[in-house]
Amino acid sequence: MNGSMLRDVTDDEVDTFWRDGIVCLRGLLDPKLLHDMSDPVATLVQTNGVADLSAMGDAIAASGQRVQREDVPDSGRGKFFAGVDHWLEHREFRDFSCHSALPAIAGRIMRSTRIHLWEDSVLFKESGTVERTAWHQDLGYFHCDGTKICTMWCPLDSVTEDSGAVRFVVGSHSWPDIYQPNFFVSSMVIPGTEGTAVPDVESMSQRGECQIVTFDTEPGDVTIHHARTIHGAGPNTSTRQRRAISLRYCGDDTVYLTRPGSPKKAHHHNVVEGAELHDDDCPIVWRRG
Ligand SMILES: O=C(O)CCC(=O)C(=O)O
């Protein structure tokens, strides 16, 4: 077992992932692994290494489009920062995504013989962040396709529903559609992208047509959702910050598939439609021994 892993993943957890499209693995990682990412995340914020999605939400609202957010709390407004691909520039993020126990956990959960890193992503909602994370499905943002693609959401703080825990639609990974990507703080779709409109899962859940789950988590817990699972998150109305690092991993059968309009990655130099992911673009970070 890799040093940062406190226990093995159980068969039941693997089955839950494939049945529900989401599983919460509790007490899996040494909390020190997450604690050690606090400074690198703070550095990104201080050096503008992450985007200010709250400012983007303001710009979208100013253009007359709807932004998913709450009223500003009396204690003041916080910001939602997000960024991707920090592993390319920062050793700490490379170690976290490529050399920790996380790739092996993805391999075990997805029943894969190898794991590629697609991207890492920082998702930081300060206390008082009013923006929700709009309901979306990850796959529409990724220029790839396959049955074994997942996101591991790793909290650096204690996270509760009021601080912006991610909410997942149980079983939606089995729904047939690919949904059109949106701007994350607004359900406004990214122009030029393709796909079906994300269904109104809140209303569906009120009618008993689907189930939404969320998990209170601590550093060391990890939620893993399938790339087709619909998910979103609330604002951070708590007095705590909500920092997380998401890792997107791809397994055996993943191939390149260009999705018009979705943001491309400048470091992907070896894209061949329908071909397996290239190790230079999406490094192989784990192989079954
Ligand atoms: O942290 C959030 O607010 C959203 C997370 C998410 O959508 C993801 O990691 O795929």
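Values in this document were obtained by computation on a predicted structure and should not be read as measured data. Order of appearance sets the numbers: ligands from 1, and atoms from 1 within every ligand.
For the residues Arg248, Lys125, Arg242, Arg243, the heavy atom positioned nearest atom 1 (O) of ligand 1 is part of Arg242.
With hydrogens and angles ignored, the 3.5 Å screen pairs no side-chain donor or acceptor of His268 with any backbone N or O of Ala266. With hydrogens and angles ignored, the 3.5 Å screen pairs no side-chain donor or acceptor of His226 with any backbone N or O of His173. Between the side chain of Tyr249 and the backbone N or O of Val285 there is no donor-acceptor pair closer than 3.5 Å.
For ligand 1, the atoms lying closer than 4.0 Å to a non-hydrogen atom of Phe184 are 7 (O). Residue Asp138 approaches ligand 1 through these ligand atoms, each under 4.0 Å from one of its heavy atoms: 10 (O). Applying the 4.0 Å criterion to heavy atoms of His136 picks out, from ligand 1, the atoms 7 (O). The atoms of ligand 1 that sit less than 4.0 Å from any heavy atom of Thr133 are 2 (C), 3 (O), 4 (C). Residue Ala233 approaches ligand 1 through these ligand atoms, each under 4.0 Å from one of its heavy atoms: 3 (O). Taking every non-hydrogen atom of His231 and a distance limit under 4.0 Å, the qualifying atoms of ligand 1 come out as 6 (C), 7 (O), 8 (C), 10 (O). Near Thr151, meaning under 4.0 Å from one of its heavy atoms, ligand 1 places the atoms 9 (O), 10 (O). Numbered from 1 in the order shown, with element, the atoms of ligand 1 that lie under 4.0 Å from a heavy atom of Ser246 read 8 (C), 9 (O).
Less than 6.0 angstrom separates the ring centroid of His267 from the ring centroid of Trp87. For His136 and Tyr179, the ring centers sit 6.0 Å or farther from each other.
Note on Leu28 and Phe215: separate hydrophobic clusters, where clusters join Ile, Leu, Val, Met, Phe, Trp and Tyr whose side-chain heavy atoms are under 4.5 Å apart, directly or indirectly.
Salt bridge Asp145/Arg259: present, at least one basic N to carboxylate O contact under 4.0 Å.
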